[in-house]
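Let me begin by presenting the structure, written as structure tokens, before commenting on it.
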Amino acid sequence: MSDEPREERENRYDFRQIEAKWRERWETSGLFRVENQSDRPKFYGLDFFPYPSGAGISVGHCRNYVPLDVACRHKVMQGYNVLHPMGWDAFGQPAENEAIKRGRNPREMVPEYAANYKRQLKLVGISYDWSREINSSLPDYYRWTQWLFLLLYRRGLAYRANAAVNWCPEDKTVLANEEVVNGRCWRCDTLVEKRPMPQWFFKITDYADRLLSGLDTIQWSDGIKQQQREWIGRSEGAEVAFSVIGVFGTDDKIRVFTTRPDTLWGATFLVLAPEHPLVDVVTTPEHATATQEYRERAQRATEIERQSTERVKTGVFTGAYADNPVTGEPIPIWIADYVLMGYGTGAIMAVPAHDQRDFEFARKFDIPVVPVYETEAGQTGATMTEALPAGGVMRAFAPAPGALAGTEFPFAGLPNNKETVGKIIPWLEARGVGQGVVNFRLRDWLISRQRYWGAPIPIVHCPACGEVAVPDDQLPVLLPDVEKYQPTGTGESPLANIPEFVNTTCPQCGGPARRETDTMGGTACSSWYYLRFADPHNNRQAFDPAIAQYWLPVDLYAGGAEHAVSHLMYSRFWTKVMFDAGLITFEEPFLQLRNQGMLLAYTPGREIKRDERADALNDDGEDEGDEPLEDWKVLKPEEKATIPESEWVWRWVKMSKNKGNVVTPDEMAAQYGADSLRLFGLFVAPFEETVQWSDKGIEAMHRYVNRLWRLWTEMRPFYDPEWRPALARLLAQTGAIARDEGDQNPLILGEDERKLRRKLHQTIRKVGDDIENFRFNTAVAALMEFTNEWSAFRNALGGAQPSPSQAALLSEILETLPLLMSPLAPHLADEWRERLGLAGSAFKQAWPVFDPAAVEEDAMTIVVQINGKLRDRLTLPLGTSDAEVEALALASPKMQAELSARQIRKVIVVPGKLVNVVVG
RNA sequence: GCCGAAGUGGCGGAAUGGCAGACGCAGAGGUCUCAAAAACCUCCGGGGGCAACCCCGUGUGGGUUCGACUCCCACCUUCGGCACCA
């Protein structure tokens, strides 16, 4: 490098040599190793474990890992025994898709990628205990994933069922609901289809209520909690039974779920989901063809298509009628795809007067609208233009005929609210018409995948015994090592084509049997990894309960918000199952969750013109939803060569490999150093904020590090290791001597020295508090402020030899700064310590304690306001009484001038802060 | 449509009832230098004034308060999530 000689000459911070040196020393000394026991309190800080991708980490990842590293390093210095591990979410679609794309075997590719990640994470100086590294695709890990699968299985929480599931035609596998984003595959963005297939599910719905109530006990952002609440989607209501006229006996009914049983009197039709099993039963022969056609169309339609026909209701009449149980009126039964089979009972009672969707449907198909609550004056069911979901009081209805003969209608005049609903439900229950129920939107968790790269599901299918769990002592069911692992698309996993794998003997009867060939989705592996870190090398158990008890739950969990309803829900579920099984004693795995913001990069693209968009749609004819209607696209590498730069259109978009805008920590560390990279990522914005990456920013941070380095190095010769007693003596004397004598007397601390020392101790306090509160940007700013003051002090010194009192202060600074910097810029910190001749990494030192006497200001600045507007400032000695402050404020010349002609109504004195004079 | 987060200089942001704009970027001027870079110093929200100073200013409109960027109500905009859930 041509600029190195100059750097040496100018006494620059030689970060290349220094950072490499410390990385190596930390590694060889095992600095970050942590033991499973200690007298100190424990702290468990965890990052979402990543799946290692080929591009390696970007500076975006650093924005996640570095702040948690700072928090963990700070905890260590505060005296905690800190678990801060890292591992690889190696199984699953992301890794397998990458392997397919590269024509590699994931078995070889994944460890390579993981090694690269590890190298990069070490490069930026993250304090992971690498002796605890785990990899979910290794048998000594997935053995326990399988064991936990069986734990769920034995507890009745894992089952195989035939269901219409999400199928990704591109990745050739089924997906969990949580992996379908806007009707598309989370990995490849392909439109997802519904296919009926036998699949494995975890019965997470059994835990819906506990998953909901547990949210109140943890410190997560409101946003994530709310997302989980909505995903669980608890709603209270009633299930009401409707008899189908002429088809059923009195015992067989169509059951519907409603949150508004109070509107039952206005139910003028029923709607079944197209997939509802009773459709075939109720449909009359003359409507059979139309019904069948509609069903098929609905089945072919993707989720997106159902949504794209949004608001335009479709449906067909089945020809059948049911009895409204409270009015005795016959009402028609329709099928329509706005009713979802997956929710409630797959059938609804439609109340057009009080539900907008039902209203639109009723108007389109000319079905009567009967308001249950009073409408606005002059409005009737025939003249209403929209549904009235709220408002009004209940109208009077005649008692129902037949089964309900003789019952009065006691609800007339009740308001349209929850309370009324609460009165209706028991009334319906008493009459055997319905009952109160709670419904959830949460669906069971689909875990099986028709893919190779996952933990095999440890089940054997025996012709004689049926489904049999693989016994614990036969775990792991090893994933066979094969050449061809690509998904087949047949609906079966590639494992089905490997006879040696499939054919086995039944663990129960010993007869010939077939292994389950589906594997578990990657989310199974990530649902318990936080426990494995506590005891990563245990080959007798998933984890030793005592060790897990020591470390868990995770105190601080940091990661992106994109796992809000998947991983973060699944892990909570597994934790609760393990709790119920007596394996652990806590119910929530992650006490505090912090979500870092996205990292955006300024990225060149091109505008997509209207006709071009239309072309794209036509090319792909069959799926109108297939081409996202974007007006801008990232430039592909070849386009960058062909399109002149003047035509590029720049936008801020998420930094990611496939957008070609990734900045790697490798380049940044090489150019500016790991510490500069760390500091910049911390400084640029609050942790949760979305950040726009800029090379300018890291360059500026690099300048700051150099400036601080030079300043520190320049002051280094004045360091006196015995500064503590000297300073203590000075402080003892300073208190007794008048402030003004200052620098004349080398035996006391002068004005400037006390000011600088105050700043130092204020900085100690602020940096600690800010790290604690994840406010790293202001922690760095505080250090910069201190640097500015220290620099001014140096300038005032003007190259002169410092007095003994100044040398004592400088020594305190020289020794404290490495400690303050250690969590943020650990390489720099240890280099400084070495240059002071101090033993031991800053990482292992106690966090400095600020001197409460030193942070006190000498004087207070009182803000003087008139009617809340700033008019004057007074500098007064500490301890001036409120009465004196008020008098002095009113007496100030500026106030006198302002107040002369005005009537003082009131004076507010905020002790130590301000005086506000209220005038008329 | 519903839920959540957020709107402050040219830019990233600070202040979360009490001096708006800390810290940094960009910009302007200066010192050093043959020159440049680096470094260092000064200025840097808008308007007015020779000046001391004065007025305006935190998305918009109301409100609470002695006092509001901060709390409350309504609205607008942006971002993130969900989306026919009966």
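Within every chain, numbering begins at 1; the chains are lettered A, B, ... in the order of the sequence lines, protein sequences first and strands thereafter. Values reported hereafter were calculated over all heavy atoms of this structure, with side chains retained and with hydrogens, waters and symmetry mates removed.
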Mind running side-chain hydrogen bond (donor to acceptor under 3.5 Å, both in side chains) on A:D770 and A:T778 for me, showing each step along the way? CA-CA 7 Å; A:D770 281 351; A:T778 49; 2.9 Å; yes

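Taking atom NE2 on A:H354 and atom P on B:A86, their separation rounds to 17 Å, with Å as the unit. Note: CZ (A:R871) to C1' (B:C66) measures 14 Å, nearest angstrom.
With both pairing distances under 3.5 Å, B:A74 is matched to B:U60 as a Watson-Crick or G-U wobble pair. The partner of B:A28, taking Watson-Crick or G-U wobble pairs whose two distances both stay under 3.5 Å, is B:U42. Nucleotide B:G67 forms a pair with no other nucleotide shown, judged by Watson-Crick or G-U wobble geometry with both contacts under 3.5 Å. B:C34: no Watson-Crick or G-U partner with both key distances under 3.5 Å is found in any strand.
A salt bridge links A:D216 with A:R229: at least one charged nitrogen is closer than 4.0 Å to a carboxylate oxygen. Salt-bridge check for A:E785 with A:K759: passed, with a basic side-chain N closer than 4.0 Å to an acidic carboxylate O.
A:R905 comes within contact range of no nucleotide atom at all, as no heavy-atom separation falls under 4.0 Å.
For the OP1/OP2 pair of B:A86 and a distance below 4.0 Å, the side-chain nitrogens and oxygens of A:S235 include at least one atom meeting the criterion.
Because its glycosidic torsion is within 90° of 0, B:G9 is reported here as syn.
In terms of position along RNA chain B, the nucleotide closest to A:E699 lies nearer the 5' end than the nucleotide closest to the other residue of the pair A:E699 and A:R260.
Heavy-atom distances under 4.0 Å link RNA chain B to A:M784, A:E785, A:N788 of residues 784-792 of chain A, given in residue order.
Checking B:A26, B:C82, B:G24 against the side-chain heavy atoms of A:F683 singles out B:G24 as nearest.
Comparing the C1' positions of B:G57 and B:C69 gives an interatomic distance of 11 Å, to the nearest angstrom.
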